[in-house]
J.: 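Please read through the structure below; I'll follow up with questions.
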Amino acid sequence: MSDKILVLGSNGQIGTELVTALRSGYGSDNVVACDIRRPDYEIKNAGPFEFVNVLDKEILKAVFEKYKPTQVYLLAALLSATGEQNPKLAWDLNMNGLLNVLDLALVYKTAKVYWPSSIAVFGPNSPKVNTPQFCTMDPNTVYGISKLAGERWCEYYHQKYGLDVRSIRYPGLISWKAAPGGGTTDYAVHIFHEALKKGSYSSFLSAETELPMMYMDDAIRGTIQLMDAPAENLSIRSSYNFAGVSFTPEVLAAEIKKHIPDFKLTYSENDPRQEIADSWPKSIDDSYANKEWGWKPDFDLAKMTADMLMNLKK
Ligand code: SER
């Protein structure tokens, strides 16, 4: 039987690129993009699209019934900064969206489910440097709380019902194809756009705020690598730590200056996202991902910066 893949939340920063990557591997007709909004990007004409709200159980069930997917990627979520503006909606979408999908995956015997977690599952009392897979986790954003609870549900469905659900704790993702959706790490995307447009940027995070980040090419490659890994190699059914590169706004600006020598970075104060960033790790120990499915990032800061600027200039 050939694979049929549903990508729920296909219009977001990750979905836009994941759908394209999956379509090139599995064939356009076998990857169904689903979102509550009409797609703007290359997704539109390249393959099937369905309007789906993951909180609407009837519509969600109808797409499972129509396509009988062998794999489902659930990317629809509210991120850390937007989540704080509407905590109850963030909890509802991030949690009930996941439970709806996990339940339908059992009913329709979906072979594999992918659900993204985040570095936001860590909190003020988690170790900050090389944060390990297993440690104190006390997230204090509703986004982080929902991701940590979601991880526990994923492991629960795996252990109790044998569902093959796989997950990665993404760091801040940097990409040029689609805009990020309201996260604390978004400065590291905005800075590139403004550097090219205005030659300057005002960062909402302070100069020395170090956070784990990753270039989207690596994130997509790693995600598909995890989904392709033999199930028996995977010991983590909550969510894998996943690392790319860590940097501060100051260090990123210095790298951008190598390409745009007059680039100026200033800092705005009292942004609520600073407190969120301060509660998160600076760097991540991803040795489980490395050992169990061979994860290794390809993009360092210099390579990522050059690639971002080259593509955005076009
Ligand atoms: N990029 C996300 C955020 O900042 C982290 O998962 O919310």
Side-chain angles (χ1 to χ4, degrees), residues 9 11-18 73-87 89-91 93-95 97-98 114-124 126 128 131 137-151 154 167-193 203-206 209-220 222-223 238-249 252 271-284 286 289 297 299 304 308:
N11 293 2
Q13 191 194 8
I14 301 170
T16 300
E17 302 206 27
L18 186 67
Y73 289 76
L74 169 56
L75 306 175
L78 239 59
L79 294 192
S80 59
T82 353
E84 289 313 288
Q85 286 155 22
N86 201 338
L89 175 66
W91 176 258
L93 174 62
N94 296 0
M95 205 48 21
L98 173 61
Y114 180 81
W115 177 79
S117 185
S118 160
I119 53 165
V121 292
F122 299 109
S126 307
K128 291 257 182 271
T131 306
M137 296 165 95
D138 56 348
N140 55 14
T141 60
V142 70
Y143 175 65
I145 295 170
S146 71
K147 287 293 177 187
L148 183 53
E151 287 189 7
C154 287
S167 176
I168 281 173
R169 292 172 180 155
Y170 289 127
L173 296 178
I174 293 155
S175 68
W176 54 273
K177 282 195 183 156
T184 301
T185 55
D186 292 10
Y187 92 85
V189 177
H190 299 155
I191 193 172
F192 285 99
H193 290 265
S203 168
F204 56 78
L205 297 184
S206 67
T209 307
E210 184 178 354
L211 287 170
M213 301 278 185
M214 184 180 285
Y215 199 43
M216 187 62 84
D217 297 47
D218 271 344
I220 299 293
T223 302
S238 50
S239 188
Y240 280 93
N241 273 12
F242 189 55
V245 53
S246 285
F247 53 78
T248 65
L252 177 56
D271 191 289
R273 288 167 284 191
Q274 183 67 49
E275 197 186 327
I276 299 177
D278 290 340
S279 77
W280 286 355
K282 295 179 190 296
S283 57
I284 297 288
D286 64 355
F299 283 80
M304 176 195 90
M308 270 300 272

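The chain is numbered in sequence order, starting from 1. For ligands, and for the atoms within them, numbers begin at 1 and follow the listed sequence.
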J.: Where the side chain of N241 meets the backbone of A289, is there a donor-acceptor pair that is under 3.5 Å apart?
T.: no
J.: List of N/O pairs, ligand 1 versus protein, all under 3.5 Å?
T.:
from: ligand 1; atom 1: 1 (N); to: T185; atom 2: OG1; distance (Å): 2.8
from: ligand 1; atom 1: 4 (O); to: S80; atom 2: OG; distance (Å): 3.3
from: ligand 1; atom 1: 4 (O); to: T184; atom 2: N; distance (Å): 2.6
from: ligand 1; atom 1: 4 (O); to: T185; atom 2: N; distance (Å): 3.2
from: ligand 1; atom 1: 4 (O); to: T185; atom 2: OG1; distance (Å): 3.4
from: ligand 1; atom 1: 6 (O); to: S118; atom 2: OG; distance (Å): 2.6
from: ligand 1; atom 1: 6 (O); to: Y143; atom 2: OH; distance (Å): 3.1
from: ligand 1; atom 1: 7 (O); to: S80; atom 2: N; distance (Å): 3.2
from: ligand 1; atom 1: 7 (O); to: S80; atom 2: OG; distance (Å): 2.6

J.: According to side chain to side chain donor-acceptor pair (under 3.5 Å), who are the partners of T141, at least two apart in sequence or on a separate chain?
T.: none
J.: May I ask you to decide if the ring planes of F299 and Y215 are parallel, tilted or perpendicular, using 30° and 60° as cut-offs?
T.: tilted
J.: Give the ring-plane orientation class for Y114 versus Y170, where under 30° counts as parallel, over 60° as perpendicular and anything between as tilted.
T.: tilted
J.: Using the test salt bridge (Lys or Arg N to Asp or Glu O under 4.0 Å), find all partners of D218 that sit at least two apart in sequence or belong to another chain.
T.: R221
J.: Excluding sequence neighbours, so at least two apart, what forms salt bridge (Lys or Arg N to Asp or Glu O under 4.0 Å) with E151?
T.: R169
